[in-house]
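The structure under discussion appears below in the form of structure tokens.
Nothing here was measured: the structure is a model prediction, and the numbers come from that model.
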Amino acid sequence: MNKFSVKQLLNGALATDETVEISGWVRSRRDSKAGLSFIALSDGSCFTTLQIVAGNNLENYTSDIIRITKDCSIKATGKIVPSLGGGQNIEILADKIEVIGFVENPDTYPVSPKRHTVEYLREVAHLRVRTNLIAAATRVRNTVCFSIHEYLQQNGFYWIHTPIITSTDCEGAGELFNVTLFDINRPARDEKGNIDYKQDFFGRQTYLTVSGQLNVEAYCMALSKVYTFGPTFRAENSNTTRHLAEFWMVEPEIAFANLMDNANLATDLLKHIFKSVLNRNSDDMKFFAEFVDKNVISRLEQIINGSFAMISYTEAINYLEKANKKFENPVSWGIDLASEHERWLCEEHIGQPTIVTDYPKDFKAFYMRQNEDGKTVAAMDILAPGIGEIVGGSVREERYDMLVRRMREMSLSEEQLHWYLDLRRFGSAPHAGFGLGLDRLINYITGISNIRDIIPFPRYPKSANF
RNA sequence: GCCUCAAUAGCUCAGACGGUUAGAGCGACGGACUGUUAAUCCGCAGGUCGUAGGUUCGAUUCCUACUUGAGGCGCCA
């Protein structure tokens, strides 16, 4: 007998009267005194459940069927029939239902059939995917990842597996986690008593990467259009709804490109992702619109059909200075934008995701290309309402002398980054790229406000359970 | 890392100038009813009031520390 997913059956993979076998987890059971029970079955393949009708003629009806509770696993075989009830088109009239696994102690089962807060569900991260909310977010996450690859592959990009373990500690993106085989109580030491990393596994100090960008730039200088896509790590003690210690980033890098090319790539990619999610996850998105944020669908449609707002940092400062609003942090040209400024800009003043370009070089990374004015760099951030920065990118400084000068100004090690500097010595070319925060993007798409709820097992300070 | 708030049943919450048996809703369980679908109705069980100290005749309630959680800020994606 053929096996089918709930999604396939609901999409009409088989005609009525055909017999199928279907397995999954029970979302709910309702009994009728007419002598039958209705089982809503989910196998995760789609948002909707499949209704299985179990008559009391089944041999295990009283022994098993009426003992089924939420999230028992079952295997059912039966005929596809048009539904007599109103909630669905088809259902399975079961010939046989086998309970594969009962739920012990349904009275204290953590994911009981009731509303739960996301905070509570985080404490049972291994079980929370059995809720509509987390399952829907998981399916959307998958679509986002798939459509990122889809877009980039269709546009001639190569996926580069940049290393997770790095020895570069000056990427400028925050604190790093150490990678070591040393016994932390008795690390190897040199004659002077300092920790001697020469004796460690890699013979030098190593870390978990905070970004694949520097490495992917090397591949960009031969393959033209490349991207990294994987987990990255920040050891910052960040306690917010938008930071994780382990998170995912997509970092495309394009050669012979300027800031507009970079911005166009970012906006095209985002539009493709949004379209893809609306097409492939319409039921999941309807659920978010109903229970999380009623605007989630309309705002994606708006972006798909419109264009992103784009302003320079200098223009942003002008708007902020003229704003009829008191900010905690005073505004003047040269400040880094604080959350409240970013919020006001994209949430109140502009009301949609906004690209801000050409920031002062003083608070931006060393590798960003300096503009003609000598004060700003060719950077661009995309700010999303409610989330903040989802994209951070720039044109890279391809001029050897300029890059070295900037590194010296910032006291960065030329020796450690010799290979990065080499890229500017041997056939250097203008290039640009950005990092797109996958997790923040999923927050924006789903309307789920906390980044800890859209990744399967979130890692953040004091939390690496499961 | 800083600031603010919180911790009472499986979950979400209420509660008490410090004083006998700490309440509700949801869930679970039992029953009634029904081709049901967040079903509905009735009933029942369920609590070391986060941990450790302190004040007090007496603390779940007041105080201190700690732990954990939430939100805001910073760092950023």
Seminar exercise, completed: Phe327(A) CZ to G72(B) P, in whole Å, measures 18 Å

For this session: Please state whether the base of G1(B) and the side chain of Glu175(A) form at least one donor-acceptor pair under 3.5 Å?
Result: no

For this session: Looking at every strand, decide which applies to Leu84(A) at a 4.0 Å heavy-atom threshold: base, sugar-phosphate, or nothing.
Result: base

Seminar exercise, completed: Of Glu342(A) and Arg452(A), the one whose closest nucleotide on RNA chain B sits nearer the 5' end is Arg452(A)

Exercise. Hey, do the aromatic rings of Phe287(A) and Phe47(A) have their centres closer than 6.0 Å?
Worked result: yes

For this session: Remember a base hit wins even if backbone is also touched, and classify Glu251(A) as base, sugar-phosphate or nothing at under 4.0 Å, heavy atoms.
Result: nothing

For this session: Name the nucleic acid region contacted by Ala34(A), choosing base, sugar-phosphate or nothing; use a 4.0 angstrom heavy-atom cut-off, strictly under.
Result: sugar-phosphate

Exercise. Closest to the Ser32(A) side chain: C73(B), U34(B), G27(B)?
Worked result: U34(B)

For this session: Tell me what Gly87(A) touches on the nucleic acid: a base, only sugar-phosphate, or nothing, going by heavy atoms under 4.0 Å.
Result: base

Exercise. In whole angstrom, what separates Lys364(A)'s NZ from A77(B)'s C1'?
Worked result: 11 Å

Exercise. Contact class for Thr240(A) (heavy atom, under 4.0 Å): base, sugar-phosphate, or nothing?
Worked result: base

For this session: May I ask you to evaluate whether Ser238(A) reaches the phosphate of G74(B), defined as a side-chain N or O under 4.0 Å from OP1 or OP2?
Result: no

Exercise. Quick one: Leu93(A) CG to G35(B) C1', roughly how many Å, whole number?
Worked result: 12 Å

Exercise. When rounded to the nearest Å, what value does the distance between P atoms of A65(B) and A22(B) take?
Worked result: 31 Å

Polar pairs (N or O, both sides) under 3.5 Å between protein and nucleotides 39-49 of chain B?
none

Exercise. Can a donor-acceptor pair be found between the side chains of Thr376(A) and Asn371(A) at a distance below 3.5 Å?
Worked result: yes

Please write out each protein N/O paired with an N/O of nucleotides 11-15 of chain B under 3.5 Å, distance rounded to 0.1 Å.
from   : atom 1 : to        : atom 2 : distance (Å)
C11(B) : O2'    : Lys114(A) : NZ     : 3.1
C11(B) : O2     : Lys114(A) : NZ     : 3.1
U12(B) : OP1    : Thr117(A) : OG1    : 3.3

For this session: Validate the cation-pi geometry between Arg299(A) and Tyr444(A): distance from NZ or CZ to the six-membered ring centre under 6.0 Å, angle to the ring axis within 45°.
Result: yes

Seminar exercise, completed: Output row for RNA chain B, stems defined as at least 3 consecutive Watson-Crick or G-U pairs under 3.5 Å, is B:1-7 with B:67-73, B:10-13 with B:23-26, B:29-32 with B:40-43, B:50-54 with B:62-66

Exercise. Charged N to carboxylate O below 4.0 Å: is that the case for Arg141(A) and Asp284(A)?
Worked result: no

Exercise. Which value, in whole Å, describes the distance between the P atoms of nucleotides G19(B) and U61(B)?
Worked result: 11 Å

Exercise. Base, sugar-phosphate, or nothing for Arg67(A), non-hydrogen atoms under 4.0 angstrom?
Worked result: nothing

Exercise. Which part of the nucleic acid, if any, lies within reach of Leu438(A) when heavy atoms closer than 4.0 Å are counted: base, sugar-phosphate only, or nothing?
Worked result: nothing

For this session: Determine the contact category for Gln88(A): base if any of its heavy atoms lies under 4.0 Å from a base atom, sugar-phosphate if only primed atoms, P, OP1 or OP2 are that close, otherwise nothing.
Result: base

Seminar exercise, completed: Whichever of Ala245(A) and Ala338(A) has the more 5' nearest nucleotide on RNA chain B, that residue is Ala338(A)

Problem set entry | side-chain N/O Asn239(A) vs C2(B) OP1/OP2, d < 4.0 Å | no

Exercise. Which part of the nucleic acid, if any, lies within reach of Arg343(A) when heavy atoms closer than 4.0 Å are counted: base, sugar-phosphate only, or nothing?
Worked result: sugar-phosphate

For this session: Describe the nucleic acid contact of Gly435(A) in one word from base, sugar-phosphate, nothing, applying a heavy-atom distance below 4.0 Å.
Result: sugar-phosphate

Exercise. Within the structure shown, what part of the strands sits under 4.0 Å from Lys70(A) by heavy-atom distance: base, sugar-phosphate, or nothing?
Worked result: nothing

For this session: Taking side chain to side chain contact (heavy atoms under 4.5 Å, CB included) as the test, write out the residues that go with Arg30(A), two or more places apart.
Result: Ser28(A), Phe38(A), Gln51(A)

Exercise. What about Arg242(A): does its side chain form a donor-acceptor pair under 3.5 Å with the base of A77(B)?
Worked result: no

Exercise. Quick one: which of A28(B), U34(B), G35(B) gets closest to the side chain of Lys33(A)?
Worked result: U34(B)

Exercise. Would you call Arg396(A) and Glu253(A) a salt bridge, taking side-chain N to carboxylate O under 4.0 Å as the test?
Worked result: yes

Exercise. Just how far, in rounded Å, is C1' of A77(B) from CD1 of Ile273(A)?
Worked result: 14 Å

Seminar exercise, completed: Under a 4.0 Å heavy-atom cutoff, the residues of residues 128-136 of chain A touching RNA chain B are none

Exercise. Is Ser37(A) touching bases, backbone alone, or none of the nucleic acid, heavy atoms closer than 4.0 Å?
Worked result: nothing

Exercise. Out of A28(B), C76(B), G71(B), which has the shortest distance to the side chain of Arg234(A)?
Worked result: C76(B)

For this session: Pull out every residue in residues 141-149 of chain A that has a heavy atom closer than 4.0 Å to any atom of RNA chain B, ordered by number, or say none.
Result: none

Exercise. Closer than 4.0 Å, any side-chain N/O of Thr48(A) to the OP1 or OP2 of U37(B)?
Worked result: no

Exercise. Tell me: OH of Tyr444(A) to C1' of A77(B), nearest whole Å?
Worked result: 16 Å

For this session: Pick the C1' atom in A7(B) and in U20(B), then give their distance to the nearest Å.
Result: 27 Å

For this session: In whole angstrom, give the distance that lies between atom CD1 of Ile451(A) and atom P of A77(B).
Result: 12 Å

For this session: Find the distance Phe47(A):CZ to U37(B):P and express it as a whole number of Å.
Result: 18 Å

